[in-house]
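Start at 1 and go down the list; that is how both ligands and their atoms are numbered.
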Amino acid sequence: MKIRKYYARTMREGLQQIKEELGPEAIILHSRKVRRRGFRGFFMPRQLEIMAAVEDDTTPASTPDSTFGTDHVMQELTQLKSLVHRLVLKGEESAEEGENEHVLYWKRHLEQHDLAPELLEDIFEEIRLKLQGEVQLTREIMALILQKMVAKRVRICQEKPSRLQVFIGPTGVGKTTTLAKLAAHYSIYQREKVGLITVDHYRIGAVEQLRTYAEIVDLPLEVVMSPRDVGPALRRLEQCERILVDTAGRGTGNIVQINELGSYISHLKPADILLTISATTRWQDIKYIAESFKKLDYNRLVLTKLDETKCFGAVLNAVYASEAPLTYLTDGQNVPDDLKFPSEVDVPSLLIGVKD
Ligand SMILES: Nc1nc2c(ncn2[C@@H]2O[C@H](COP(=O)(O)OP(=O)(O)OP(=O)(O)O)[C@@H](O)[C@H]2O)c(=O)[nH]1
Ligand SMILES: [Mg+2]
């Protein structure tokens with residue numbers, strides 16, 4: 001009997017090799033997953049080691065003059081072979097499940113946070129390429145590496161905010177509330193002269209909502225009804241060191257509404273245009289929002305409603321999709337307290353920390 005060892009990526013590949021070299025009568029004696037040597041082995045799929053054997057002078061599977069006895073034995077042998085193959089393939093699947101357990105653990109963890117698959121791939125590819133040499137990889141070490149990878153990808157706005165800030169985004173994400181928080185922050189805490197403009201006269205109660213905040217903090221409010229009214233409103237607020245502009249929530253993908261908003265924004269320059277997205281938004285929708293509002297040339301990002309989710313992938317997803325730096329975050333309905341600046345929020349820990 002000839003006994004040989006084979007190495008392959010999959011059982012199918014291994015069986016092909018065995019069939020070519022030992023012939024179709026070969027039987028599998030044993031198979032197991034073996035890891036490649038070195039640190040990269042942690043990230044690489046394990047190889048399959050297959051031990052196969054064949055009789056030195058094998059009888060053909062079936063010949064015209066074969067007796068009942070030979071046929072019967074060959075039939076049993078074939079059944080046995082297929083049983084062994086099935087068991088080995090089953091073992092192969094479960095071995096893959098348990099493979100690179102720390103990498104898989106963190107991949108699943110980030111998937112549960114709804115991190116964009118593109119980002120996930122990018123992060124783990126970078127880890128694969130960067131880490132060389134013998135490192136004892138543990139779940140904790142992986143967590144530290146991932147924290148760094150996430151931190152690197154969370155772009156934070158470093159520049160001073162512009163005097164004119166325009167909040168845009170889908171309906172109900174918290175634009176007006178965030179603007180009210182900032183108005184209070186700048187006027188009460190920073191003692192700046194703040195003025196407000198709203199171009200949202202579409203929704204019933206929208207002007208009143210902002211007027212209520214303006215009256216509480218005692219700030220001038222300009223209601224603009226058409227793009228040509230923007231210039232005069234800005235002139236009336238000339239004395240203000242900061243002007244915050246509220247806009248109507250626009251249906252994502254509604255080109256007419258977005259173009260109409262664009263005609264107001266073209267009179268509001270130079271300004272920071274802040275795309276406002278709720279942290280409860282799924283990745284596919286974030287992509288759609290970032291794409292739909294792109295024509296309004298937003299250059300900043302606001303993430304709202306962090307208190308309403310336990311999945312924080314949206315923070316990184318929004319930075320990735322919009323290519324805009326994170327400028328403000330909000331985590332509640334309280335005006336002005338539930339407002340955060342990016343330096344106050346540890347995004348890597350939100351994503352890599354242990355979820356409860
Ligand atoms: N939980 C939570 N709720 C928030 C947050 N920010 C705003 N909201 C609430 O979300 C709802 C909508 O807020 P708005 O500020 O009116 O949203 P908007 O984007 O201006 O809405 P439209 O002008 O209609 O497009 C209100 O009930 C807010 O109190 C937040 O950070 N966390
Ligand atoms: Mg609003």
Side-chain angles (χ1 to χ4, degrees), residues 165-186 194-217 219 221-225 233 243-262 264-265 268 271-282 285-286 288-290 292-293 296 298 300-315 317-319 322 324 326-342 344-347 350:
Q165 297 184 53
V166 185
F167 292 79
I168 62 163
T171 53
V173 290
K175 296 177 295 299
T176 308
T177 313
T178 305
L179 186 144
K181 289 172 185 175
L182 281 162
H185 170 84
Y186 286 124
V194 178
L196 306 179
I197 294 179
T198 180
V199 299
D200 183 4
H201 45 85
Y202 302 90
R203 189 168 55 77
I204 295 169
V207 174
E208 284 62 38
Q209 186 188 0
L210 195 57
R211 199 185 300 284
T212 307
Y213 290 125
E215 282 171 4
I216 293 170
V217 195
L219 303 176
L221 169 67
E222 292 289 330
V223 181
V224 165
M225 303 301 283
I243 299 170
L244 305 174
V245 184
D246 194 16
T247 67
R250 308 278 70 179
T252 308
N254 189 327
I255 294 164
V256 176
Q257 286 188 349
I258 291 176
N259 283 345
E260 193 195 2
L261 183 52
Y264 284 91
I265 289 177
L268 284 161
D272 277 348
I273 312 293
L274 297 104
L275 178 64
T276 310
I277 298 180
S278 163
T280 59
T281 316
R282 291 173 312 171
D285 294 327
I286 288 180
Y288 185 37
I289 293 166
S292 298
F293 285 88
L296 299 183
Y298 56 77
R300 301 271 183 269
L301 182 65
V302 180
L303 247 292
T304 58
K305 307 196 184 186
L306 264 92
D307 57 309
E308 284 196 359
T309 183
K310 289 230 175 255
C311 296
F312 297 104
V315 184
N317 292 347
V319 173
S322 68
L326 201 51
T327 307
Y328 306 116
L329 300 111
T330 74
D331 58 356
Q333 293 178 292
N334 297 318
V335 179
D337 291 342
D338 296 334
L339 170 73
K340 300 273 179 300
F341 293 87
E344 298 173 296
V345 180
D346 184 355
V347 178
L350 286 179

Visitor: At what distance is the nearest protein heavy atom to atom 31 (O) of ligand 1, and which residue and atom is it?
Guide: Thr330 OG1, 2.6 Å
Visitor: Find all atoms of ligand 1 within a distance of less than 4.0 Å from any non-hydrogen atom belonging to Glu308, and give their numbers and elements.
Guide: 1 (N), 2 (C), 3 (N)
Visitor: For Asp200, counting its heavy atoms only, list the atoms of ligand 1 lying under 4.0 Å from any of them.
Guide: 23 (O)
Visitor: For Glu308, give me all partners under salt bridge (charged side-chain N to carboxylate O under 4.0 Å, His left out), at least two apart in sequence or on another chain.
Guide: none
Visitor: With nothing but distance in play, are any N or O atoms of Thr178 less than 3.5 Å from an N or O of ligand 1?
Guide: no
Visitor: Could you pull out all donor-acceptor pairs under 3.5 Å where a side-chain atom in residues 178-185 meets a protein atom, sequence neighbours excluded?
Guide:
unit_1	atom_1	unit_2	atom_2	d
Thr178	OG1	Gly174	O	2.6
Lys181	NZ	Gly332	O	2.6
Lys181	NZ	Asp338	O	2.9

Visitor: Based purely on interatomic distance, does Thr171 place a nitrogen or oxygen under 3.5 Å from a nitrogen or oxygen of ligand 1?
Guide: no
Visitor: Under 3.5 Å between some N or O of ligand 1 and some N or O of Gly172?
Guide: yes
Visitor: For Gly332, is at least one N or O under 3.5 Å away from an N or O on ligand 1?
Guide: yes
Visitor: Return the set of residues passing side-chain contact (heavy atoms from CB on, under 4.5 Å) with Arg282 (not counting sequence neighbours), or none when no residue passes.
Guide: Asp114, Asp285
Visitor: Using heavy-atom distances, let me know which of Gln209, Gln333, Lys175, Lys305 sits nearest atom 10 (O) of ligand 1.
Guide: Lys305
Visitor: What residue and atom, counting heavy atoms only, is the protein's closest point to atom 20 (O) of ligand 1, and at what distance?
Guide: Thr176 OG1, 2.8 Å
Visitor: Can you see which heavy atom on Lys305 is nearest to which on Val173, and at what distance?
Guide: CE-O, 3.5 Å
Visitor: Taking the Mg ion (ligand 2) as the centre, count the protein N/O/S atoms lying under 2.8 Å from it.
Guide: 1
Visitor: Any N or O of Asp307 that comes nearer than 3.5 Å to an N or O of ligand 1?
Guide: yes
Visitor: Which residue and atom name correspond to the protein heavy atom nearest atom 15 (O) of ligand 1, and how close is it?
Guide: Thr177 OG1, 2.4 Å
Visitor: Where is the nearest protein heavy atom to atom 23 (O) of ligand 1: which residue, which atom, and how far?
Guide: Arg203 NH2, 3.6 Å
Visitor: Quick one: nearest non-hydrogen protein atom to atom 17 (O) of ligand 1, plus distance?
Guide: Gly174 N, 3.0 Å
